[in-house]
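First comes the structure, then the notes that go with it.
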Amino acid sequence: LRIAEFKARDFPKLYQKVSKLPWKSYMIGQAPEVVATATNSRLFDSRKIEKAVQDGILESYRKQPVKKKYLEHLEKNKDALLPKVYYRAVDDVITLSLDTTGEILHKRGDKIYTGLAPIRENLAALLLRATTKDLEKSGLALIDPMAGSGTFLIEGHDENAVNKERSFAYEHTPLWIDESQKKKIMDALSSRPTSFLKLKGYEQNPDVIKMAKKNAEGKEIEFIQSDLFSEENPLAGNNIVVINPPYGLRVGEKEEISLH
């Protein structure tokens with residue numbers, strides 16, 4: 001979340017600019033962790049930058065106090081992964097942002113088991129979106145011939161779902177703690193249905209099939225222990241076929257995979 005952009009060439013100016021920002025609207029009273037990077041900037045000492053930004057935020061709290069209910073939330077969740085402030089300076093132009101994620105986003109929280117060389121969840125979601133952006137998906141089945149631990153199928157199943165399997169840093173911000181805003185956001189997100197009519201994965205390894213089923217527990221995904229390409233007309237009908245094929249160096253091998 002972008003908070004502000006401004007120029008500063010000395011630490012007193014940086015402190016002054018930060019202290020004038022309405023931090024009570026973004027955070028709940030904590031002195032946040034500050035992650036600083038600088039390129040071609042007169043302010044380059046990360047420790048001094050972090051201190052100036054933290055001091056400026058605390059001064060802002062003194063001028064514009066944080067609401068009591070947010071301070072109480074902070075006290076109850078002081079060991080949680082709270083939002084960090086990111087400081088980026090390029091040619092003395094400073095951008096301040098708030099990390100609303102916490103753990104990196106490809107960690108969904110529901111995938112417990114992985115096979116060899118799994119694809120990242122967010123990359124799988126991006127590929128599905130790019131592949132189907134011009135298609136009407138509501139009548140289509142999603143098929144993965146090399147399902148592995150089920151990443152593509154789980155992402156297809158959950159593409160519009162609210163992720164309740166993990167925590168996020170935004171859950172410790174005033175906007176989210178405010179119940180009326182929270183309900184409005186959740187209602188909007190929950191109203192978008194899953195697009196695919198069916199989701200089906202094929203995999204020859206029985207142990208991998210077991211892992212995939214555990215990862216997708218509670219989801220309407222069918223996993224079949226079989227070689228899809230050995231079946232008669234396996235891809236007939238309205239299907240989207242997605243695959244994460246072997247490429248580069250095969251796991252456990254020293255030579256690249258040959259296409260011949």
Side-chain angles (χ1 to χ4, degrees), residues 101-168 189-260:
T101 301
E103 283 266 34
I104 49 182
L105 280 171
H106 83 88
K107 294 185 177 180
R108 308 297 201 211
D110 58 355
K111 187 175 172 184
I112 303 169
Y113 303 97
T114 59
L116 294 173
I119 189 170
R120 276 195 170 193
E121 288 89 334
N122 55 343
L123 181 56
L126 176 65
L127 290 170
L128 282 175
R129 183 161 295 186
T131 302
T132 61
K133 65 180 180 179
D134 297 321
L135 300 176
E136 174 55 54
K137 292 179 282 185
S138 57
L140 297 174
L142 179 65
I143 294 178
D144 187 346
M146 298 180 181
S149 54
T151 304
F152 270 120
L153 298 168
I154 292 171
E155 290 301 312
H157 183 279
D158 294 346
E159 64 174 347
N160 292 326
V162 178
N163 189 345
K164 299 178 181 178
E165 302 298 327
R166 54 161 285 185
S167 60
F168 295 89
L189 290 173
S190 300
S191 64
R192 300 181 297 171
T194 300
S195 300
F196 296 103
L197 181 65
K198 292 181 181 179
L199 300 107
K200 188 179 293 188
Y202 290 78
E203 174 61 49
Q204 295 184 63
N205 188 322
D207 293 329
V208 174
I209 283 282
K210 289 178 183 178
M211 288 194 300
K213 288 181 176 180
K214 288 180 179 177
N215 286 335
E217 194 170 349
K219 305 180 192 296
E220 295 181 8
I221 301 174
E222 183 181 3
F223 289 100
I224 302 166
Q225 184 186 339
S226 174
D227 179 358
L228 178 145
F229 298 106
S230 68
E231 297 188 6
E232 184 178 352
N233 297 323
L235 304 180
N238 293 324
N239 301 315
I240 293 176
V241 179
V242 63
I243 190 171
N244 179 29
Y247 53 87
L249 292 176
R250 187 184 294 275
V251 176
E253 301 291 338
K254 295 182 178 180
E255 295 182 2
E256 287 205 10
I257 295 169
S258 172
L259 298 178
H260 305 290

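- The closest side-chain heavy-atom distance from L105 to F168 is below 4.5 Å.
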Going through the checks in order, is the salt bridge (Lys or Arg N to Asp or Glu O under 4.0 Å) test met by K107 and E121? CA-CA 7 Å; K107 294 185 177 180; E121 288 89 334; over 6 Å; no
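- E220 and K198 are not joined by a salt bridge, as no carboxylate oxygen comes within less than 4.0 angstrom of a charged side-chain nitrogen.
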Applying side-chain contact (heavy atoms from CB on, under 4.5 Å) to F196 and T132, what does each step give before you reach the verdict? CA-CA 10 Å; F196 296 103; T132 61; 4.2 Å; yes
After noting the C-alpha distance and the side-chain angles of L142 and L153, does the key distance pass the side-chain contact (heavy atoms from CB on, under 4.5 Å) rule? CA-CA 7 Å; L142 179 65; L153 298 168; 4.1 Å; yes
Between K219 and I154, does a side-chain contact (heavy atoms from CB on, under 4.5 Å) hold up when you go through it step by step? CA-CA 8 Å; K219 305 180 192 296; I154 292 171; 4.0 Å; yes
Using the side-chain contact (heavy atoms from CB on, under 4.5 Å) rule, take D227 and Y202 through it: C-alpha gap first, then chi angles, then the decisive distance, then the call. CA-CA 7 Å; D227 179 358; Y202 290 78; over 6 Å; no
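- Note that CE of M146 and CD1 of I243 are 4.0 Å apart. Values are rounded to the nearest 0.5 Å.
- Side-chain atoms of N122 and R108, non-hydrogen and from C-beta on, do get closer than 4.5 Å to each other.
- Rounding to the nearest 0.5 Å places NE2 of H106 at 14.5 Å from CG of L126.
- Note that the CD atom of Q225 and the CG atom of D207 stand 9.0 Å from one another [nearest 0.5 Å].
- Of all the heavy atoms in G148 and A212, the pair that sits closest is O-CB, 3.4 Å.
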